[in-house]
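Below is one structure, written out as structure tokens, with a few remarks after it.
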Amino acid sequence: MKKRFWTIIAAAVLGALLLSGCGRETARQVASPSQEYTAAAAEPTPTVDPHEGEIEVSDGAGGTRWVAEAPALTPFAPDRNAFSVENGVVSYAGEGLSLARGIDVSEFQHDIDWAAVAASGIEFAFIRCGWRGYSGGTLNEDTEFRRNLEEASAAGLKVGVYFFSQATSLVEGAEEAVYALKLLDGYSLDLPVFFDWEFIGVEDARTDNVDAATVTDAALEFCRLVESAGYAAGVYSYIPDIYAMYELDRLEGVTLWLGDPGTWPEFYYEHSFWQYSFTGSVPGIEGDTDLDVMYVRTEETEGVG
């Protein structure tokens, strides 16, 4: 009887222990999902900006695209809505800025009557001095360069030049600068010598696979050598090439000339010259002519008689 009593007590204790353990396990399993849900609800997933560090810019075809921001460059300050174009002439209705009218030409404009150009109100001209072939890579003088430079200057226009580049390396950018400086020997200029690299996009173009770092290297070396010879230098490009083919942060302090046909300048950053038409009409020139303006800040004209 005594043995049976202790057997019954042991069985009761064991049963109580088993029931107690099962209850705790059941409670743990039931509480855990609720706790996890509550924690998740208290810490929502942050929204990620897909364009962080980018700016929305014109794509040159009526739309927009996102590109990396270039903190080293300053956004364009003038009011874009204050620009207008009437009969091929740009005006600016805002404050702090006036515009000088200009053109850029090459041998494709043939025989130019520079006196008639000047009489029409054109104040400056960029003249192509030379070019590199996009397939063979040879360096060439523009056949009308010397005559255009001399006659434009004689007609009272301020003149600068540009070299059409197809450089595929820093070394070729340097070659183009040396070649341009040889062409300019004995000439003085009022405006910069521009490096004009353009994407060709045809099957036999040797520049098709050149990247932005290489173009930027070539441009900066071109400018460095031109400036070391005593001339001002700059970079010409157009939308969308300026965003795709240059590392813009490296162009801090470089004079920029932007091709962007339209009624207001869409380039996001500051620039000194705006090429607003590829199909302009100018007295003294047969056929289409590129039209440009130079921005003249109000403070730059103060005290000028």
Side-chain angles (χ1 to χ4, degrees), residues 57-65 67-68 103-110 126-145 148 160-180 183 192-223 225-226 233-248 250-251 254-262 266-267 271 273-280 287-292:
V57 300
S58 168
D59 64 2
T64 62
R65 60 181 293 190
V67 299
I103 59 174
D104 59 274
V105 300
S106 70
E107 62 191 41
F108 296 111
Q109 275 68 48
H110 307 294
F126 286 119
I127 296 163
R128 188 176 74 163
C129 62
W131 52 279
R132 185 190 288 273
Y134 64 78
S135 58
T138 58
L139 300 175
N140 307 272
E141 178 179 347
D142 185 292
T143 58
E144 295 293 318
F145 161 61
N148 281 335
V161 303
Y162 68 96
F163 185 92
F164 180 83
S165 171
Q166 286 292 279
T168 60
S169 66
L170 179 148
V171 171
E172 288 196 349
E175 290 174 351
E176 293 172 354
V178 170
Y179 186 81
L183 296 176
V193 179
F194 279 95
F195 176 86
D196 170 18
W197 194 99
E198 299 184 21
F199 181 74
I200 302 300
V202 297
E203 187 175 344
D204 58 344
R206 57 199 290 275
T207 50
D208 278 356
N209 295 318
V210 177
D211 60 19
T214 301
V215 174
T216 308
D217 286 344
L220 292 177
E221 183 65 6
F222 180 97
C223 291
L225 290 173
V226 166
V235 168
Y236 166 88
S237 190
Y238 54 87
I239 296 175
D241 270 17
I242 187 66
Y243 296 118
M245 298 309 303
Y246 282 94
E247 295 181 336
L248 288 178
R250 297 173 60 196
L251 298 184
V254 175
T255 299
L256 297 179
W257 171 22
L258 260 294
D260 178 23
E266 294 187 307
F267 183 54
H271 50 289
F273 300 88
W274 171 35
Q275 184 186 59
Y276 65 92
S277 176
F278 298 152
T279 57
D288 292 340
T289 305
D290 296 340
L291 304 179
D292 306 89

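Note that the structure is predicted; figures quoted are calculated from it, not measured. Side chains included, hydrogens not; waters and symmetry mates left out as well; all remaining heavy atoms used.
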Taking the side chain as every heavy atom from C-beta outward, state whether [X] and [Y] have any pair of such atoms under 4.5 Å apart.
{"X": "Leu220", "Y": "Leu251", "answer": "yes"}
{"X": "Phe199", "Y": "Asp208", "answer": "yes"}
{"X": "Pro240", "Y": "Arg65", "answer": "yes"}
{"X": "Ile103", "Y": "Leu291", "answer": "yes"}
{"X": "Glu198", "Y": "Tyr238", "answer": "yes"}
{"X": "Arg206", "Y": "Arg132", "answer": "yes"}

| task | Any chance you could lay out the side-chain contact (heavy atoms from CB on, under 4.5 Å) test for Phe273 and Thr255, step after step, and finish with the verdict? | result | CA-CA 9 Å; Phe273 300 88; Thr255 299; 4.2 Å; yes

| request: Take Gln166 and Trp131 through the test side-chain contact (heavy atoms from CB on, under 4.5 Å) and record every step on the way to the result. | output: CA-CA 8 Å; Gln166 286 292 279; Trp131 52 279; over 6 Å; no

| Is the distance between the ring centroids of Phe267 and Tyr243 less than 6.0 Å? |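 Yes - the distance between ring centres of Phe267 and Tyr243 falls below the 6.0 Å cut-off.
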
| query | Are Tyr236 and Phe126 an aromatic pair by the rule of ring centers under 6.0 Å? | reply | no

| message | Apply ring-ring contact (aromatic ring centres under 6.0 Å, His included) to residues Phe195 and Phe222 and explain how you reach the verdict. | response | CA-CA 7 Å; Phe195 176 86; Phe222 180 97; 5.3 Å; yes

| request: Show your working on side-chain contact (heavy atoms from CB on, under 4.5 Å) between Val215 and Tyr246 and close with a plain yes or no. | output: CA-CA 6 Å; Val215 174; Tyr246 282 94; 3.6 Å; yes

How long is the gap from [atom1] on [X] to [atom2] on [Y], to the nearest 0.5 Å?
{"X": "Asp290", "Y": "Ser277", "atom1": "CG", "atom2": "OG", "result": "7.5 Å"}
{"X": "Ser58", "Y": "Ile242", "atom1": "OG", "atom2": "CD1", "result": "13.0 Å"}
{"X": "Tyr162", "Y": "Asp142", "atom1": "OH", "atom2": "CG", "result": "7.0 Å"}
{"X": "Phe164", "Y": "Tyr134", "atom1": "CZ", "atom2": "OH", "result": "9.0 Å"}
{"X": "Ser135", "Y": "Glu203", "atom1": "OG", "atom2": "CD", "result": "12.0 Å"}
{"X": "Glu175", "Y": "Leu170", "atom1": "CD", "atom2": "CG", "result": "10.5 Å"}

Is a donor on one side and an acceptor on the other found under 3.5 Å between the side chain of [X] and the backbone of [Y]?
{"X": "Asp292", "Y": "Asp104", "value": "yes"}
{"X": "Trp257", "Y": "Gly234", "value": "no"}
{"X": "Glu144", "Y": "Cys129", "value": "no"}
{"X": "Asp260", "Y": "Ile239", "value": "no"}
{"X": "Asp196", "Y": "Phe194", "value": "no"}
{"X": "Glu107", "Y": "Thr143", "value": "yes"}

For [X] against [Y], the heavy-atom pair lying closest together:
{"X": "Val161", "Y": "Phe145", "result": "CG1-CE1, 3.9 Å"}
{"X": "Asn140", "Y": "Gly133", "result": "ND2-N, 4.1 Å"}
{"X": "Thr216", "Y": "Met245", "result": "OG1-O, 4.3 Å"}
{"X": "Ala167", "Y": "Trp197", "result": "O-NE1, 2.9 Å"}
{"X": "Ala212", "Y": "Ala244", "result": "CB-O, 3.7 Å"}

| field | Residue pairs passing the salt bridge (charged side-chain N to carboxylate O under 4.0 Å, His left out) test where at least one lies in residues 233-248, sequence neighbours excluded | value | Glu247-Arg250

| field | CA sep, side-chain torsions, deciding dist, call: Thr214, Asp211, side-chain hydrogen bond (donor to acceptor under 3.5 Å, both in side chains) | value | CA-CA 5 Å; Thr214 301; Asp211 60 19; 2.7 Å; yes

| task | Please say whether more than 12 non-hydrogen atoms of neighbouring residues, nucleotides or ligands are located less than 6.0 Å from CG in Asn209. | result | no

| request: Flag yes if more than 12 heavy atoms outside Phe108 fall under 6.0 Å of its CZ atom; otherwise flag no. | output: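 Atom CZ in Phe108 is not crowded, with 12 or fewer foreign heavy atoms closer than 6.0 Å.
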
